[in-house]
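To start, the structure itself, in structure tokens.
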Amino acid sequence: MSTSKTYLPKDIEDKWYSYWLEHDFFKSVPDEREPYTVVIPPPNVTGVLHMGHMLNNTIQDVLVRRARMKGKNACWVPGTDHASIATEAKVVNMLKERRISKKDLTRDEFLKYAWEWKEKYGGIILDQLKKLGASCDWERTRFTMEEGLSEAVIDTFIHLYKKGWIYRGIRMVNWDPQGKTAVSDEEVNRKEVNQKLYYIRYNLADGSGYVTIATTRPETIMADTAVCINPNDERYTHLHGKKVLIPLINREVPIILDDYVTMDFGTGCLKVTPAHDLNDYQLGQKHHLPVIDILNDDGTLNENAQILVGEDRFAARKKIAVLLEADGYLEKIEEYKSQVGFSERTDAVIEPKLSMQWFCKMDEMAKPALDYVLKGEIKLIPDKFVNTYRHWMENVHDWTISRQLWWGQQIPAWYLPDGEYVIAKTVEEALKLAKEKTQNLGLTATDLTQDPDVVDTWFSSWLWPISVFDGFKDPNNADINYYYPTNDLVTAPEILFFWVARMIMAGHEFRGEAPFKNVYLTGIVRDKLGRKMSKSLGNSPDPLELIEKYGADGVRVGMLLCSPAGNDLMFDESYCEQGRNFANKIWNAFKLVKGWEADESIAPKNAIAIEWFESRFNQSLAEIESNFAQFRLSEALMSTYKLVWDDFCAWYLEMVKPAYQQGVEKQRVDTETFKATISFFENILKILHPFMPFLTEELWHDELFGERPELDCCIVAQLPEVGKINTRLLADVELVKQVIANVRNIRNAKQIAPKEKLNLSAKVNSEVSYKYYELIITKLANIGTFNFIVEKPAGAAGFMVSTDEFYVPLELNTDPVEECARLQKEKVYLTGFLNSVNSKLGNERFMANAKPEIIEVELKKKADTEAKLKILEESLAALAC
RNA sequence: GGGAGCUUAGCUCAGCUGGUUCAGAGCAUCUGCCUUACAAGCAGAGGGUCACUGGUUCGAACCCAGUAGCUCCCA
């Protein structure tokens with residue numbers, strides 16, 4: 001082991017990661033132990049590691065490593081998501097660079113390229129997770145589009161279709177003209193955008209005047225099939241039953257009446273465009289209006305528009321404004337703010353579009369999925385998300401599951417020449433069904449065409465906790481029976497509905513059981529200024545560079561230090577720096593102890609320090625356990641941090657550390673101290689391991705801890721159990737620490753060097769036996785002689801700890817005036833405090849209502865304060881001031 | 001428009017059933033130290049009208065109402 005002055009993570013991280021892999025420490029197979037299962041939220045196969053993944057996977061790894069160290073059979077299943085839209089877009093771009101157009105390829109040719117791309121670039125992210133130390137069972141790595149998982153998707157589709165929960169229909173969908181596919185409501189982000197509101201005149205067909213309508217989308221007027229006014233609008237009664245001409249193309253459309261129209265918005269006249277607006281579509285259905293679709297799939301205008309054919313919708317908007325203006329149809333343009341939908345995947349403006357799509361009914365599945373959470377069978381952490389979850393589940397819409405893409409599971413619907421369809425897993429089965437359906441025995445496979453669309457990616461990831469254990473293919477296999485339901489799911493709140501809710505639905509439908517017990521929702525990683533980390537802002541650090549700079553352990557600690565459960569975290573590199581410094585602190589504490597050697601001939605003298613640290617350790621351990629039980633990871637880490645840095649390094653090691661012995665290679669300490677310290681250190685390594693796996697594993701194997709068999713590794717060490725806690729000792733040592741701090745303070749104030757010994761006199765008025773702690777006090781406060789007195793000495797700097805008095809005789813006499821002022825100030829404070837306590841105790845209603853314990857506390861406050869005041873008075877009298 | 005949440009030290013956050021010596025932590029800051037493990041360190045210190053206004057209570061950071069600001073979700 002190197003003895004460098006600082007911890008150098010680079011040398012050891014790869015070494016130990018490989019060691020763990022080679023010895024199958026991450027591997028899990030069912031056995032008699034209790035399982036602990038986590039399935040990774042599968043990152044996009046196209047993805048690269050970002051800060052959100054870092055946080056998410058650090059948390060999962062801490063939980064998994066802890067479970068492993070608690071003797072559970074820990075299984076963390078990794079994998080990736082095929083991410084239809086994102087991946088297909090990447091492949092299309094790759095092809096573009098090679099001057100190949102998707103249009104010129106057959107489906108099979110395209111998929112060949114896509115798989116090629118996936119093999120080459122996909123899954124980089126999983127290798128990156130290894131750098132972080134993720135202890136996934138890599139042999140279980142799954143991919144949502146691999147054969148078995150795709151089969152599960154198809155079976156699920158058929159199952160739900162047979163139940164009548166999947167149907168086909170013409171609906172207004174959210175169309176992404178860039179991805180050229182429908183997307184679900186959940187994949188549409190609404191943003192407020194500054195728009196223009198165009199006021200356009202429509203001439204009445206009979207030439208008797210005109211009406212003015214207001215619209216943000218003038219390019220769609222050619223798709224209008226009516227103008228609508230509110231029947232109660234008195235301004236327009238003269239228009240009832242009339243017709244108007246659409247400007248520029250002069251097509252005649254009726255004026256219809258409906259109280260849907262808001263009279264005070266715009267002009268009170270609404271253009272009705274059923275093909276390009278959801279509300280207009282509903283209005284059109286009600287009034288039996290025709291539907292004229294003037295847009296192509298890519299957002300350009302088609303022949304139905306008659307003018308501006310081939311122009312993009314936004315270019316057309318500008319151009320038509322010019323045309324309308326030129327012909328005198330444009331009355332005015334106003335600035336207007338409104339919500340516009342953007343595609344989550346491509347950020348293109350969503351176009352409402354009528355199309356034939358597949359839908360999955362949600363209402364029946366939502367009910368039981370809601371119950372799991374409301375009844376507490378699934379816990380959401382933090383629980384504030386329960387409300388959000390309920391709200392969504394009670395207002396759930398049917399799920400648009402078809403996507404006009406090739407990368408994904410192709411919908412198992414087969415169309416017959418007459419437009420009818422059958423749902424079947426294979427073309428053979430489809431043919432059989434088709435023959436039954438049509439009674440036409442002459443049908444052949446070539447008469448059937450499979451639906452070209454694929455299902456939404458979430459339609460495969462909602463099966464993830466089941467499908468990774470092959471629970472569809474083989475519903476009774478050993479893995480699924482052992483690992484399902486999983487324990488904890490760690491994910492981002494933004495996919496609570498996309499993914500978490502639907503997994504619960506699928507879990508209930510296909511296993512009759514919730515897929516997990518706890519859902520830990522992490523915050524969003526933001527920068528110091530609270531902005532979301534994003535590529536375009538360039539405010540996201542590269543996680544791998546951070547690991548390079550601060551070590552994986554440092555970064556893990558940094559992530560957790562700033563991640564309160566459920567709140568967004570304002571990430572800053574300085575947290576990683578703190579993590580690195582912590583690693584270094586541990587490294588150096590280790591170096592200190594490694595420089596020691598047990599010597600039988602030295603009499604043990606640190607029994608008190610040892611007993612104290614043992615109690616302190618157990619106290620912290622209890623705290624850490626309770627924090628973990630409540631998923632307060634950040635606080636569990638902080639308790640650990642303080643235990644190690646403050647209690648172990650700053651106090652314990654300083655208490656027991658031998659004075660420097662010159663001329664020896666190793667510093668000699670008594671055997672008892674040596675053994676205790678090593679055992680403490682080993683326990684500290686254990687509780688640190690889930691947070692800092694690499695450093696702890698490295699130190700674990702040092703010869704200081706003795707010879708270890710090959711498989712005796714920190715990663716599988718069993719966490720210590722909470723042992724006995726001597727609370728009296730802990731309380732006493734707190735007082736002892738105060739004595740030491742006060743002496744140090746006097747040193748500081750009087751500019752006395754730490755090396756110079758001081759004398760200390762104690763006038764003990766309480767029950768505390770300071771004699772017992774003499775060694776600790778003299779060592780840590782660097783005291784020459786420590787004696788006990790009954791009379792206050794003259795010319796000494798004094799301080800009080802609880803009701804005990806301490807004096808440090810100084811060569812330079814203390815200034816009596818200064819001392820007097822200090823005591824007076826103290827007296828004023830204590831008198832005020834006593835008054836407030838007395839008034840409380842004198843209050844009849846307090847005495848009548850407060851709990852007895854509280855009254856007791858107040859009485860003790862009173863007694864203590866009175867005792868202190870008495871001592872103060874004596875001191876003041878002695879100083880004659 | 002509907003709903004949820006937040007506001008405590010310069011920053012990030014704890015503060016559990018209203019009650020433990022005038023509200024805690026980490027970081028940052030200030031002062032002094034290169035003290036034979038660690039300057040990525042050590043010792044010590046300072047820093048708060050618990051967003052605001054009112055109410056309930058013997059007692060409020062905590063409960064209630066209102067106000068302001070911020071965040072998120074849904075339409």
Side-chain angles (χ1 to χ4, degrees), chain A residues 3-7 185-186 190 339 382 384-392 395 493-494 496-497 523-524 526 528 530 550 554 561-572 574-575 577-596 626-627 630 632 634-635 637-639 641-642 645-646 649-650 653-654 657 659-662 667 740-749 751-756 780-782 802 829-830 832-834 836-837 839-851 853-858 860-862 864-865 868:
Chain A
T3 46
S4 65
K5 224 173 155 182
T6 51
Y7 169 56
D185 291 342
E186 288 74 24
R190 277 168 218 282
Q339 298 280 325
K384 67 177 176 188
F385 286 107
V386 172
N387 275 334
T388 323
Y389 181 82
R390 179 173 48 208
H391 192 255
W392 190 78
N395 298 286
E494 61 233 42
L496 185 59
F497 309 124
I524 295 165
R526 298 173 179 278
K528 226 178 15 184
Y550 300 104
L561 278 175
C562 59
S563 59
N567 284 337
D568 286 359
L569 51 118
M570 311 298 159
F571 179 81
D572 187 76
S574 64
Y575 288 107
E577 204 178 320
Q578 195 182 344
R580 177 203 58 184
N581 293 354
F582 185 42
N584 196 43
K585 184 74 190 176
I586 299 160
W587 176 258
N588 276 293
F590 177 80
K591 261 178 64 190
L592 173 71
V593 179
K594 195 167 162 56
W596 296 353
S626 131
N627 283 328
Q630 298 168 75
R632 298 175 169 206
S634 191
E635 286 179 58
L637 172 59
M638 190 42 74
S639 299
Y641 180 93
K642 284 193 281 196
W645 199 307
D646 299 341
C649 294
L653 287 178
E654 291 301 327
K657 168 167 133 182
Y660 186 71
Q661 305 144 37
Q662 222 154 12
Q667 303 293 303
I740 294 163
N742 271 294
V743 175
R744 285 170 173 171
N745 222 342
I746 288 170
R747 252 182 226 287
N748 244 341
Q751 306 261 13
I752 301 166
K755 276 182 185 165
E756 198 178 318
L780 296 194
N782 196 20
S802 180
Y829 162 68
L830 284 176
F833 182 71
L834 184 61
S836 84
V837 173
S839 74
K840 226 183 218 183
L841 288 168
N843 183 333
E844 272 172 42
R845 305 179 71 173
F846 172 75
M847 297 305 282
N849 291 316
K851 280 179 264 175
E853 310 91 88
I854 302 299
I855 293 174
E856 220 168 284
V857 167
E858 292 301 317
K860 181 160 187 325
K861 280 190 205 171
K862 179 184 161 84
D864 286 357
T865 313
K868 277 191 187 183

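As the structure is a computational prediction, the values presented were derived from the model and not from experiment.
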Considering only the [atom1] atoms, how many Å lie between [N] and [M], rounded to the nearest integer?
N	M	atom1	value
B:rC73	B:rU31	P	45 Å
B:rG44	B:rG26	P	12 Å
B:rA75	B:rG69	P	26 Å
B:rA43	B:rC34	P	15 Å
B:rG15	B:rA25	P	15 Å
B:rG18	B:rC70	P	32 Å
B:rA60	B:rU49	C1'	15 Å
B:rA23	B:rG48	P	12 Å

Exercise. Out of B:rU12, B:rC27, B:rG19, which nucleotide sits closest to the side chain of A:M570?
Worked result: B:rU12
Seminar exercise, completed: Sorted by chain and residue number, the ring-ring contact (aromatic ring centres under 6.0 Å, His included) partners of A:F582 (sequence neighbours excluded) come out as A:Y641
Problem set entry | Residues that A:F833 engages under ring-ring contact (aromatic ring centres under 6.0 Å, His included), provided they are two or more places apart | none
Measure [atom1]/[X] against [atom2]/[N] and give the value in whole Å, please.
X	N	atom1	atom2	value
A:D572	B:rC13	CG	P	12 Å
A:R632	B:rA14	CZ	P	8 Å
A:Q630	B:rG15	CD	C1'	13 Å

Does any non-hydrogen side-chain atom of [Y] lie less than 4.5 Å from one of [X]?
X	Y	result
A:E577	A:R580	yes
A:F571	A:R526	no
A:L780	A:R744	yes

Identify, with sequence neighbours excluded, every residue that meets side-chain contact (heavy atoms from CB on, under 4.5 Å) alongside [X].
X	answer
A:K840	A:F846, A:E858
A:K642	A:M638, A:D646
A:Q751	none
A:E856	none

Exercise. Within the distance-only criterion (no hydrogens, no angle test), does the side chain of A:W587 pair as donor or acceptor with the backbone N or O of A:S4 below 3.5 angstrom?
Worked result: yes
Problem set entry | Secondary structure string for RNA chain B (Watson-Crick or G-U under 3.5 angstrom, | for other-strand pairs) | (((((((..((((.....[....)))).(((((.......))))).....(((((..]....)))))))))))).
Exercise. How does protein reach along nucleotides 32-44 of chain B, written 5' to 3' as B (base within reach of a heavy atom under 4.0 Å), S (only sugar-phosphate), or - (no contact)?
Worked result: ---SBBBSBSSBS
Problem set entry | Per-nucleotide protein contact string for nucleotides 3-10 of chain B (B base, S sugar-phosphate only, - none; heavy atom under 4.0 Å) | -S------
What's touching nucleotides 46-50 of chain B from the protein side, N or O pairs under 3.5 Å?
none

Exercise. Under 4.0 angstrom, heavy atoms only, what part of the nucleic acid is A:N843 near: base, sugar-phosphate, or nothing?
Worked result: sugar-phosphate
For this session: Using a heavy-atom cut-off of under 4.0 Å over every strand shown, decide if A:K860 touches base, sugar-phosphate, or nothing.
Result: base
Problem set entry | With A:S574 via side-chain hydrogen bond (donor to acceptor under 3.5 Å, both in side chains) - residues at least two apart | A:D572
Seminar exercise, completed: Residue set satisfying side-chain hydrogen bond (donor to acceptor under 3.5 Å, both in side chains) with A:R747, at least two apart, ordered chain then number -> none
